[in-house]
Amino acid sequence: DELGLNPGTAKKYIQKQILKMDKPPKSIDVEGLLKIDPTVSNKSARSLIQKEFTRWNSATTNARTPKQRENSQKMIDIISNARERYN
């Protein structure tokens, strides 16, 4: 918001930066990244998380380097853990 980016552009930028990291992220606040309000229904939260999962699954498939593949796989793991909280 502070940079004046629309949410889609911001997510693409964040994804590119995570893929460039030297080490995979240990943890990421998925709810914060997706702006999931704590009062939102589990169904709505799962929908948002599923979209993010799909994005990172695609990133894993299209990764050009082992490092990118490792980072995107770690994001899938983090997102999967977040998804379990909304069952």
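- Every residue meeting the side-chain hydrogen bond (donor to acceptor under 3.5 Å, both in side chains) condition with Asn62, not counting sequence neighbours, appears here in chain and number order: Ser58.
- Contact annotation: the side chain of Asn42 never approaches that of Asn87 to less than 4.5 Å [non-hydrogen atoms, C-beta and beyond].
- The CG atom of Asn71 sits 6.5 Å away from the CG atom of Leu19 when rounded to the nearest 0.5 Å.
- The side chain to side chain contact (heavy atoms under 4.5 Å, CB included) check on Ser44 picks up Val40, Ser41, with sequence neighbours excluded.
- Under a hydrophobic-cluster definition in which Ile, Leu, Val, Met, Phe, Trp and Tyr are linked whenever side-chain heavy atoms come within less than 4.5 Å, directly or via other members, Met21 and Val30 are assigned to the same cluster.
- Arg83 is linked by a side-chain hydrogen bond (donor to acceptor under 3.5 Å, both in side chains) to Gln50, counting only residues two or more places apart in sequence or in another chain.
- Between Ala63 and Arg69, the shortest heavy-atom contact is O-NH2, 3.4 Å.
- Here Thr65 pairs with Lys67, Gln68 under the side chain to side chain contact (heavy atoms under 4.5 Å, CB included) rule; sequence neighbours left out.
- The residues Glu70 and Lys23 are annotated as not salt-bridged, no charged nitrogen and carboxylate oxygen being separated by less than 4.0 angstrom.
- Sorted by first then second residue, the salt bridge (charged side-chain N to carboxylate O under 4.0 Å, His left out) pairs that include residues 36-65, not counting sequence neighbours, are Glu52-Arg55.
- Note on residues 4-16: pairs passing side-chain hydrogen bond (donor to acceptor under 3.5 Å, both in side chains), not counting sequence neighbours, are Asn6-Thr9.
- Shown here are the side chain to side chain contact (heavy atoms under 4.5 Å, CB included) partners of Ser27, two or more places apart in sequence or in another chain: there are none.
- Partners of Gln73 according to the side chain to side chain contact (heavy atoms under 4.5 Å, CB included) rule, which considers only residues two or more places apart in sequence or in another chain, are Thr60, Ile76, Asp77.
- Inter-residue side-chain proximity for Phe53 and Leu48 is flagged as unmet; no heavy-atom pair is nearer than 4.5 Å.
- Side-chain contact between Ile28 and Ile79 is absent, with no heavy-atom pair separated by less than 4.5 Å.
- Applying the side-chain hydrogen bond (donor to acceptor under 3.5 Å, both in side chains) rule to Ser47 yields no partners; only residues at least two apart in sequence or on another chain are considered.
- Ile78 and Ile14 fall within the same hydrophobic cluster, where Ile, Leu, Val, Met, Phe, Trp and Tyr residues are linked whenever their side-chain heavy atoms come under 4.5 Å apart, directly or through other members.
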